[in-house]
Engineer: 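Below is the structure I would like to discuss, written out as structure tokens.
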Amino acid sequence: MTIEYNLNKIRSLLPSGVQLVAVSKTKSNEEILEAYRAGQRIFGENKVQELVRKWELLPKDIEWHFIGHLQSNKVKLIAPFIAMVHSVDSDKILKTINEEGGKAGRIIPCLLQFHIASEESKFGFLPGSFGQMFSSSELDKLKHVVISGVMGMATYTDDVVQVNKEFSTLREIFGKLKKDFFQDNDRFSEISMGMSGDYLLAIENGSTMIRVGSTIFGERSNIGI
Ligand SMILES: *Cc1c(COP(=O)(O)O)cnc(C)c1O
């Protein structure tokens, strides 16, 4: 199957209001261009150096989304161009993105990543912890980020009941944050959840952004990257 075929298939299943982030990590510029020529403009990457190389060489109307764990010292490399950071997983990184956004003269859309999976390795705020870290007035001081919603990754499992529960937890977290912090803020509107194996279930649970890689580009070989 071609990349174009795969993209069109996924698009045909998306309700309006759900955006597709094509996760292109480890994939070549040629493969990304194939998706681009099929009309895809939003791409997701999880390594800063790899992203910067791709951004330099690929068309400038691509919207790059960062979806991996971000280290503070690397924020400055992506701050000038990144369209959204999905993976804000600490107060420290949020403040750093705000600082670097300021230096770049930008306001950077950010999603708060929550740990909803049962696996230990996944990053993110614990449900409930964000409210203890920030008050509304502290958030108001961050002028160079706009907190646009939440992101989460479900457990990698065939257990549909479990994945469903995790997605619905993320939606509840979104609702609670909206009520506590962002009631009058229209920009707090995104729930980034759903990958190749579970995006339909994520959409049923209210996802507004799915992040799909291998179903579009084929399996990744994780060697030498
Ligand atoms: C790799 C990755 C994806 C895409 O995974 P696929 O299973 O290939 O669709 C989505 N989100 C994050 C955070 C990722 O790292």
Side-chain angles (χ1 to χ4, degrees), residues 1-14 18-28 31-32 34-35 38 40 42-51 54 62-71 74 78 82-90 93 97 109-125 148-160 162-163 166-167 169-171 173-174 190-225:
M1 292 303 144
T2 64
I3 289 171
E4 180 176 21
Y5 175 93
N6 296 337
L7 271 173
N8 286 336
K9 179 127 195 250
I10 295 167
R11 285 176 187 144
S12 74
L13 300 170
L14 293 190
V18 179
Q19 286 192 299
L20 171 61
V21 179
V23 175
S24 50
K25 62 191 187 194
T26 80
K27 297 298 170 180
S28 69
E31 289 167 299
I32 294 171
E34 204 176 322
Q40 185 65 28
I42 305 177
F43 291 87
E45 291 281 338
N46 70 343
K47 297 262 168 26
V48 168
Q49 274 92 343
E50 182 181 346
L51 168 56
K54 289 173 173 174
I62 288 179
E63 236 188 70
W64 294 104
H65 288 211
F66 195 80
I67 62 170
H69 178 63
L70 185 54
Q71 289 169 291
K74 294 191 176 154
I78 61 170
I82 199 74
M84 181 174 275
V85 178
H86 287 232
S87 41
V88 169
D89 56 9
S90 68
I93 200 74
I97 297 169
C110 289
L111 304 181
L112 305 172
Q113 180 174 356
F114 282 88
H115 180 111
I116 54 171
S118 63
E119 291 143 353
E120 277 197 4
S121 64
K122 302 209 167 141
F123 292 101
F125 293 105
S148 307
V150 298
M151 180 272 223
M153 288 166 88
T155 304
Y156 190 71
T157 171
D158 291 338
D159 184 346
V160 175
Q162 179 172 359
V163 173
E166 291 170 358
F167 285 151
T169 298
L170 188 61
R171 192 180 49 185
I173 291 170
F174 173 86
E190 305 291 352
I191 304 179
S192 168
M193 62 184 182
M195 305 172 32
S196 286
D198 56 21
Y199 69 87
L200 291 174
L201 200 54
I203 290 168
E204 280 175 31
N205 278 285
S207 174
T208 65
M209 274 188 168
I210 59 169
R211 309 176 309 272
V212 178
S214 42
T215 296
I216 299 170
F217 294 105
E219 292 302 323
R220 289 175 292 275
S221 69
N222 288 313
I223 304 156
I225 303 288

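When a ligand or atom number is given, it counts from 1 through the structure's own listing order. What you see below is based on every heavy atom in this structure, not just the backbone, and it leaves out hydrogens, waters and symmetry mates.
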Engineer: For atom 9 (O) of ligand 1, what is the nearest protein heavy atom, given as residue, atom name and distance?
Structural biologist: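 Looking only at protein heavy atoms, the one closest to atom 9 (O) of ligand 1 is S196 OG, 2.6 Å.
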Engineer: Of all the heavy-atom pairs spanning Y199 and L13, show the shortest one and how long it is.
Structural biologist: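 In terms of heavy atoms, the two residues are closest at OH-CD1, 3.6 Å.
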Engineer: Donor-acceptor check, side chain of E34 to backbone of E4, threshold 3.5 angstrom: yes or no?
Structural biologist: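 The answer is no, because no donor-acceptor pair under 3.5 Å joins these two groups.
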Engineer: Look up atom OG in S207 and atom CG in L200, then write down how far apart they are to the nearest 0.5 Å.
Structural biologist: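 Atom-to-atom, S207:OG and L200:CG are 10.5 Å apart.
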Engineer: Would you mind listing which atoms of ligand 1 come within a distance below 4.0 Å of any non-hydrogen atom of V212?
Structural biologist: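 What qualifies from ligand 1 is 9 (O).
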Engineer: How close does the nearest protein non-hydrogen atom get to atom 11 (N) of ligand 1, and which residue and atom is it?
Structural biologist: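 Among all protein heavy atoms, the one nearest atom 11 (N) of ligand 1 is R211 NE, 2.9 Å.
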Engineer: Under 4.0 Å from any heavy atom of G213, which atoms of ligand 1 are there?
Structural biologist: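 Listed by number with element, the hits are 4 (C), 6 (P), 8 (O), 9 (O).
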Engineer: Would you say E190's side chain and M209's backbone share a donor-acceptor pair under 3.5 angstrom?
Structural biologist: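 Here the side-chain-to-backbone pair does not exist.
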Engineer: With a heavy-atom distance limit of 4.0 Å, tell me whether H86 approaches ligand 1 through its side chain, its backbone, both, or neither.
Structural biologist: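 Answer for H86: neither.
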Engineer: Please find the pair of heavy atoms, one from L7 and one from A38, that lie closest to each other, and give the distance.
Structural biologist: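 Distance-wise, the nearest heavy atoms are CD1-CB, 3.9 Å.
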Engineer: Rounded to the nearest 0.5 Å, what separates atom CE in M193 from atom CD1 in I203?
Structural biologist: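 Nearest 0.5 Å value for the CE-CD1 distance: 9.5 Å.
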Engineer: So is I67 close enough to ligand 1, meaning a heavy atom under 4.0 angstrom away?
Structural biologist: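 I67: in contact with ligand 1 (<4.0 Å).
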Engineer: Around atom 5 (O) of ligand 1, find the nearest protein heavy atom and jot down its residue, atom name and distance.
Structural biologist: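 The closest heavy atom on the protein side is M195 CE, 3.4 Å.
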Engineer: Can you tell me the protein heavy atom closest to atom 1 (C) of ligand 1 and the distance?
Structural biologist: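 Minimum-distance protein heavy atom for atom 1 (C) of ligand 1 reads K25 NZ, 1.4 Å.
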